[in-house]
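Note that the structure is a prediction, hence the values are computed from the model and not measured.
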Amino acid sequence: MASFNNLWSLKTDYQLTANINYLNDYQQKSSYAYTENYLPNDETIKIEELLNSRLRKERMGADIQLNANKEKYYFNNLLKFEGIWDRERGDAISTDSVYQRLKKPNYGISNTFNLVKTNEKHTWTFYSFNGYNTSTQTLRVQPVLYQQLFDPVPSPEAMVQEAERNDFASYNRVTWGLGKGTIKQNYTFGFDADLQQLKSALQADTKSGSGNLPDSLRNDIKQNKFVWKFSPNYTYSKGYKLNISLSLPLSYTILDTDNNVSDKKENKGYLFFNPSLFASYKLSAYWDSYLNAGYSNSTGSLNNMYTGYIMSSYRNLLRNDGKLFRQQSQNYSLVLNYRNPITTLFGMANISYYRNKINLLYDYYYSGILKLQSTIDMPNTTSGINASVHGSKEIESINTTVFIGGGYNNSQSSQINQGELIDYSSQSFSVSPRFLTKFSSSVSFEYSIRYTQSQSRIKDSGRSFDPIRIT
């Protein structure tokens, strides 16, 4: 790895910095993987693999930054360039050994601009990000594993996937801030643009060349997303004890999608209201509390819109039905913190609840060790509760700090498996003690252990899977 850095002072309060870095690294990894997939009718697919990979990382980046920090304004502009030429080869040794080779060059350029101007009554904040990224991918897998997807061809040697992705993003904000006392107001106007394009082709490679390419194995799709935003934010602060922040963002989204494979074009608009509330209250000198609540709407990206199969790995094929992914989310959380520097006792407790309504459902189909994933237009709901507790205590007499943490998760979700709709309930808990002893400023000893247990249950049948325990 090589790096060059330099700093120039141009004039009063202005600085220019530059950085150029280059990385060339070779990594070899070997591992063992064991996976069990539980299917309807009490079927189980067990997969054992010895995995070997060789990764050559070759990356180069450069950035130029100009900033100034004056009494009445702050200015910062960052220009970045990045090039990636990673190559990877791998073997998966199981019942049928598989060889993979991946090339994935990636190039990107971006510019981030920040400007803050203040006076006695209000503050203006300007933000702008513009970036372009292009990446290509060539994935070659031997032997051909998905024979049913390809036309009959003589002596297929391998599957070859070519993919190209181009993205341009522009995010722009102007914020007017009013008030510097107990009540503060901020009004933000914004405009976002995301222009995305994806092309891919999955073919069977033979000695005489590639076979025919059906529509189910190729993609050529564009999506342009434009968002106009207005986001008022109100903050109330009473000394250091109470702080309340209310955000009421309103946005209008236009999605323009053009699928050249299916010859389908769509242009739709969506109006979203995504309010959120944050409050913090200092209960005492040692106790702090935080409350957060929010409701949001979101739409998917190009990753949820392509309709032709894409191979994410030799065992996984992904596709969608072309419907736009939409989600409505509710999130609530409560956090309690305890800090006592006199007794060196610290602790934190957190509990949160989420509920998501989604219009698409994942459909999984297994053929031996191979998995095909697609999306189905079927509204569904996922929900869950997460809780965690962490604490630490320093024992000065032996220069040791004791940490202990634990967590609990409970969730409900649905998926389609082998054509059958299944409602799942899952729960897990974990415990993780840790000890850190310092013998000197440069010598220390640390020991940690983590125990996790998880279990899933199918709601309708009452069937419970064996617990999974990890230490």
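For Y306, the ring pair (Phe, Tyr, Trp, His ring centres under 6.0 Å) test picks out no residue, with sequence neighbours left out. By the side-chain hydrogen bond (donor to acceptor under 3.5 Å, both in side chains) test, D256 is found to be paired with no residue, residues two or more places apart in sequence or in another chain being considered. Remark: A201 pairs with L213 by the side chain to side chain contact (heavy atoms under 4.5 Å, CB included) rule, at least two apart or across chains. Annotation: side-chain hydrogen bond (donor to acceptor under 3.5 Å, both in side chains) contacts of S312 (sequence neighbours excluded): none. Remark: R319 pairs with no residue by the salt bridge (Lys or Arg N to Asp or Glu O under 4.0 Å) rule, at least two apart or across chains. In this structure F113 satisfies the ring pair (Phe, Tyr, Trp, His ring centres under 6.0 Å) test together with F75, sequence neighbours excluded. Residues that satisfy the salt bridge (Lys or Arg N to Asp or Glu O under 4.0 Å) test with D363, not counting sequence neighbours, are absent from this structure. Residues satisfying the ring pair (Phe, Tyr, Trp, His ring centres under 6.0 Å) criterion with F403, sequence neighbours excluded, are absent altogether. With sequence neighbours excluded, the residues forming a salt bridge (Lys or Arg N to Asp or Glu O under 4.0 Å) with D86 are R59, listed by chain and number. A search for ring pair (Phe, Tyr, Trp, His ring centres under 6.0 Å) contacts involving Y408 returns nothing, not counting sequence neighbours.
Results of the side-chain contact (heavy atoms from CB on, under 4.5 Å) test with I342 over N340, T344, L345 single out N340 as the only residue that passes.
Among residue pairs with one or both ends in residues 330-346, those qualifying as salt bridge (Lys or Arg N to Asp or Glu O under 4.0 Å) are D288-R339; sequence neighbours excluded.
For the pair R56 and E58, the salt-bridge criterion is not met [side-chain N within less than 4.0 Å of a carboxylate O].
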Side-chain atoms of residues 220-229: list all donor-acceptor pairs with protein atoms under 3.5 Å, sequence neighbours left out, distances to 0.1 Å.
| unit_1 | atom_1 | unit_2 | atom_2 | d |
| --- | --- | --- | --- | --- |
| D220 | OD1 | N260 | ND2 | 3.4 |
| K225 | NZ | T299 | OG1 | 3.3 |
| K229 | NZ | D192 | OD2 | 3.1 |

